[in-house]
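Please read the structure below before turning to the comments.
In what follows, residues are counted from 1 in the order of the sequence shown. Each ligand, and each atom within it, is numbered from 1 in the order the structure gives. Note that the structure is predicted; figures quoted are calculated from it, not measured.
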Amino acid sequence: MTRKTIYFVHDADIDDLVSLFLLTQMDDVTLSGVSVIPADGFLTPGTEASRKIIDRFGSEQVEVARSSSRGVNAFPKEWRMRSFFVNALPLLNESGKVEAPVSELPAHQHLIKKVRDNDGKTTLLCTGPLTDIARALDEAPDIEDKIEQLIWMGGTLNPVGNVQEPEHDGSAEWNAFWDPYAVARVWESSLNIRMVALESTNQVPLTVPVRNSWAALRKYTGIDFIGQCYAAVPPLVHLETNATYFLWDVLTTMAAGNPDLVKTKKALTKVHVDEPSQGKIEAVDDGRPVEVVYDVDTEAFFASIIELAKKA
Ligand code: AGV
Ligand code: CA
């Protein structure tokens with residue numbers, strides 16, 4: 001088995017933190033570092049919750065770094081508040097201690113250091129905005145050669161994204177909208193980019209049957225943790241709304257561990273940074289090549305979450 005080294009960049013929403021838990025359970029993954037950016041969550045609870053997840057479920061010490069980046073278009077506060085909820089879960093506070101170290105470096109410099117320190121190449125897994133990756137590339141262009149791939153939950157080539165905000169035309173996905181300039185900067189790099197787009201994540205909504213499948217297996221601590229986390233967000237029942245929750249980041253993370261779960265196509269794309277389409281990613285003939293994850297084996301995906309979480 002070849003071990004993959006992953007540096008994880010997340011933004012502290014429910015599925016970001018569940019993703020971190022799942023990463024700690026992957027036998028063939030070495031987590032070289034974790035960074036938290038305060039986009040769809042708050043920085044202090046997001047960082048603390050990350051450290052507690054590493055303490056509770058990880059087998060190795062992993063440093064967590066706090067981002068000093070701030071966005072262009074803010075996430076709704078109701079969504080961001082969920083980072084406090086996960087941080088307060090009794091399961092993560094049973095020991096009364098928080099041990100995983102916090103880096104003194106801001107997230108983008110921590111990322112640079114961890115990529116440079118690794119003898120081999122690092123896979124960047126990002127389930128939030130790309131701001132710290134863009135800043136890392138600006139400060140240390142040398143790291144490009146040491147990055148195997150960037151796997152990013154973000155973007156869509158569909159005409160309709162998931163941003164419903166004043167002065168926006170609805171064409172973007174939120175992680176791209178939070179900082180469209182960062183997407184454009186990363187698009188200028190030579191990184192191999194795999195974009196886990198809404199095309200695939202739209203196929204994995206949180207539903208009541210999915211929740212019930214976790215409830216039935218709550219005797220397994222890891223599955224109970226997932227069920228507790230997803231109790232904080234609204235499932236898809238009748239009609240999709242702006243609040244409907246999908247397993248966006250969890251799909252991205254599981255597909256990083258097992259690419260056979262998804263289908264990928266090549267696309268040539270450009271990023272819009274101007275209003276009213278900030279964060280829109282469009283297919284154009286002379287665009288930047290990226291791999292777009294557009295389809296998922298949903299049954300295998302949900303089964304693989306359970307299989308992995310049972311081990312915890
Ligand atoms: O656009 C998906 C990204 C993912 O990284 N996030 C949530 C996931 O962590 C933003 C988002 C879009 N719609 C949302 C979001 C919603 N209804 N609730 C919370 N976050
Ligand atoms: Ca996220």
_ligand 1 contact on Thr127 by region, counting heavy-atom pairs under 4.0 Å_ =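 The part of Thr127 near ligand 1 is the backbone, not the side chain.
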At the Ca ion (ligand 2), O of Thr127 and OD1 of Asp16 open up to roughly (10° bins) 120°
Proximity flag [X] to ligand 1, non-hydrogen atoms under 4.0 Å:
X      : value
Phe75  : yes
Ala243 : yes
Thr201 : no
Thr244 : yes

Heavy-atom proximity to atom 6 (N) of ligand 1, picking from Asp11, Asp40, Thr252, Leu17, points to Asp40
At less than 4.0 angstrom from any non-hydrogen atom of [X], what atoms of ligand 1 do you find?
X      : result
Asn242 : 17 (N)
Arg82  : 18 (N), 19 (C)
Glu173 : 1 (O), 2 (C), 3 (C)

Quick check: [X] and ligand 1, any N/O pair under 3.5 Å apart?
X      : value
Trp248 : no
Tyr245 : no
Asp16  : yes

Tell me the closest heavy-atom pair linking Gly257 and Met26, and the distance in Å.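 Residues Gly257 and Met26, closest heavy atoms: CA-SD, 4.0 Å.
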What are the two closest heavy atoms between Ile143 and Ala136, and how far apart are they?
->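 Taking every non-hydrogen atom into account, CD1-CB, 4.0 Å.
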Looking at Asp11, the N, O or S atom sitting nearest the Ca ion (ligand 2) is OD1
Looking at Asp249, the N/O/S atom that lies nearest to the Ca ion (ligand 2) is called OD2
Please answer: with hydrophobic residues joined when any side-chain heavy atoms are less than 4.5 Å apart, are Leu124 and Val34 in the same cluster?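 No, it is not one cluster - the side chains of Leu124 and Val34 are not joined through contacts under 4.5 Å.
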